[in-house]
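Every number for a ligand or one of its atoms is a count from 1 in the order of the listing.
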Amino acid sequence: MYIGIPKEIKNNENRVAITPAGVLSLKTGGHEVIVEAGAGAGSGFTDEQYREAGATIVASAKEVWSQEMVMKVKEPLPEEYDYFYEGLILFTYLHLAAEPGLTKALIDKKVIGIAYETVQLPNGGLPLLTPMSEVAGRMASQIGAQFLEKSKGGKGVLLSGIPGVKRSKVTIIGGGVVGMNAAKIAIGLGANVTIIDLNPERLRELEDIFGTSINTIMSNPMNIADSIADSDLVIGAVLIPGARAPRLVTEEMVEAMTEGSVIVDVAIDQGGIFETVDRITTHDNPTYTKHGVLHYSVANMPGAVPRTSTIGLTNVTVPYALQIANKGYKQACLENGSLLKGINTIEGFVTYKAVAEAHGLEYDDVLGHLQ
Ligand SMILES: NC(=O)C1=CN([C@@H]2O[C@H](COP(=O)(O)OP(=O)(O)OC[C@H]3O[C@@H](n4cnc5c(N)ncnc54)[C@H](O)[C@@H]3O)[C@@H](O)[C@H]2O)C=CC1
Ligand SMILES: CC(=O)C(=O)O
């Protein structure tokens with residue numbers, strides 16, 4: 001199979017969909033990899049390294065996009081929609097429940113859209129989302145600590161406090177991969193950490209992992225309002241796979257927070273969980289203030305640490321890409337139920353229920369398209 005790797009064009013997105021080691025794996029499998037010149041530079045991989053691994057380097061994005069399968073990191077931006085063609089296999093993060101324009105473009109052009117974030121293991125795990133959630137979760141506490149500094153617009157508190165001065169309070173809503181990793185760093189930085197989740201089993205697991213260094217609370221509107229009212233930092237980390245994120249934190253709850261507090265809405269890529277998060281921000285200009293509270297809502301947080309993130313992402317995506325390339329996407333998905341769940345669009349239809357529901361579109365069973 002011919003596989004194209006474009007240079008990412010989102011603001012400050014320095015990740016790339018493959019490392020030279022990934023190219024070598026695909027080449028060894030008998031496939032051709034066409035990489036856009038400079039695509040790996042932001043992650044510290046040179047064109048020469050890709051060439052040595054067996055890739056062909058081309059200058060034109062159009063040529064990369066004309067291959068049988070395109071592997072990316074972020075969802076395509078509108079300026080990339082013109083490259084879509086019928087039958088293209090697009091393997092990347094798509095986040096379609098929050099992307100009506102992209103959903104329409106994939107349907108209109110009959111692209112086979114396989115979303116990293118909905119590939120799902122039988123135990124519910126999301127293997128192609130997990131490493132980036134680990135990065136974003138760890139970053140969320142680090143970023144929150146930074147924006148709580150006075151010079152960054154925050155209220156001027158140190159997460160750990162000092163002897164004689166109380167520790168700052170961090171509330172994490174959603175105790176999955178992002179939430180657990182945010183907690184690890186927040187605890188390490190000495191904060192007083194509360195995790196809120198809807199799943200009692202998950203709350204039990206978190207208490208088993210962290211013991212008394214966290215408080216666990218059941219998710220409901222009253223508990224969320226109570227916990228965030230006196231929090232210095234609130235992190236949004238909820239996910240219902242494939243669906244638009246539920247708006248769990250109302251404007252009124254944010255108004256009740258004290259001035260200079262910080263919100264980091266990691267779930268922004270699925271639309272965000274705070275009513276007051278009304279925009280996606282960028283690494284260039286990551287925050288805005290509403291009701292005196294700093295809001296951070298960058299949808300590609302791992303893009304800020306591209307070396308770690310590119311290696312972490314390709315560790316997990318390349319084995320799936322090899323299955324698609326070796327067997328063809330139809331056979332690969334029929335043999336691997338986890339990969340099958342990744343297909344969001346095919347032949348002009350939406351085949352992921354939560355995406356169809358988010359946009360009021362008709363849902364079609366993917367199996368009917370794989371015979
Ligand atoms: N902004 C960025 O750069 C990045 C964003 N993300 C996003 O972060 C979000 C979280 O991802 P993961 O932690 O991997 O998901 P996950 O599936 O591991 O965890 C989600 C958690 O939310 C909980 N949950 C569901 N409904 C809830 C409710 N009503 N109240 C409280 N908790 C609830 C679930 O029980 C689960 O524990 C996703 O939207 C993901 O795409 C991930 C990586 C980077
Ligand atoms: C998951 C995601 O949206 C990211 O890594 O940018």
Contact check: Val298 vs ligand 1, nitrogen or oxygen atoms, below 3.5 angstrom: yes
Val177 N/O under 3.5 Å from ligand 1 N/O: yes
Atoms in ligand 2 flagged as close to Ala299, the criterion being non-hydrogen separation under 4.0 Å: 3 (O), 6 (O)
Under 3.5 Å: N/O of Pro302 near N/O of ligand 1: no
Asp197 N/O to ligand 1 N/O under 3.5 Å: yes
Min heavy-atom dist Met132 to ligand 1 below 4.0 Å: yes
Enumerated ligand 2 atoms positioned under 4.0 Å from heavy atoms of His95: 1 (C), 2 (C), 3 (O)
Side chains of Gln142 and Gln146, donor plus acceptor under 3.5 Å: no
Min N/O separation Arg202 to ligand 1 under 3.5 Å: no
Any N/O pair Val178/ligand 1 closer than 3.5 Å: yes
Min heavy-atom dist Glu117 to ligand 2 below 4.0 Å: no
Numbered atoms of ligand 2 (with element) below 4.0 Å of Pro302, judged on heavy atoms: 5 (O)
Enumerated ligand 1 atoms positioned under 4.0 Å from heavy atoms of Ala299: 1 (N), 2 (C), 3 (O)
Numbered atoms and elements of ligand 2 in range of Met132, under 4.0 angstrom, heavy atoms: 5 (O)
Ligand 2 to Asp269 polar contact by distance, N or O atoms, under 3.5 Å: yes
Over-ring placement of Arg247 relative to Phe274, 6.0 Å and 45° cut-offs: no
Structural part of Leu129 in contact with ligand 2, heavy atom criterion under 4.0 angstrom: side chain
Side-chain donor-acceptor pair present, His295, Thr287, cut-off under 3.5 Å: no
Distance from atom 24 (N) of ligand 1 to nearest protein heavy atom, with residue and atom: Val238 CG1, 3.9 Å
Side chains of Asn192 and Arg167, donor plus acceptor under 3.5 Å: no
Polar contact flag for His95 and ligand 1 (N/O pairs, less than 3.5 Å): no
Ligand-side contact atoms (ligand 1) for residue partner Asn300, heavy atom cut-off under 4.0 Å: 3 (O)
Close approach of Met301 to ligand 2, heavy atoms, under 4.0 angstrom: no
His291 and Glu251 side chains, donor-acceptor separation under 3.5 Å: yes
Min N/O separation Val266 to ligand 1 under 3.5 Å: yes
Distance-only side-chain donor-acceptor flag, Asp364 / His369, under 3.5 Å: yes
Geometric class of the Tyr296/Phe147 ring pair [parallel <30°, tilted 30-60°, perpendicular >60°]: tilted
Nitrogen or oxygen of Asp265 less than 3.5 angstrom from that of ligand 1: no
Polar atom proximity, Tyr93 to ligand 2 (N or O, under 3.5 Å): no
Glu13 N/O to ligand 2 N/O under 3.5 Å: no
Region of Arg15 that comes within reach of ligand 2 [heavy atoms, distance under 4.0 Å]: side chain
Atom indices of ligand 2, in the order listed, that fall short of 4.0 Å to a heavy atom of Lys74: 2 (C), 3 (O), 4 (C), 6 (O)
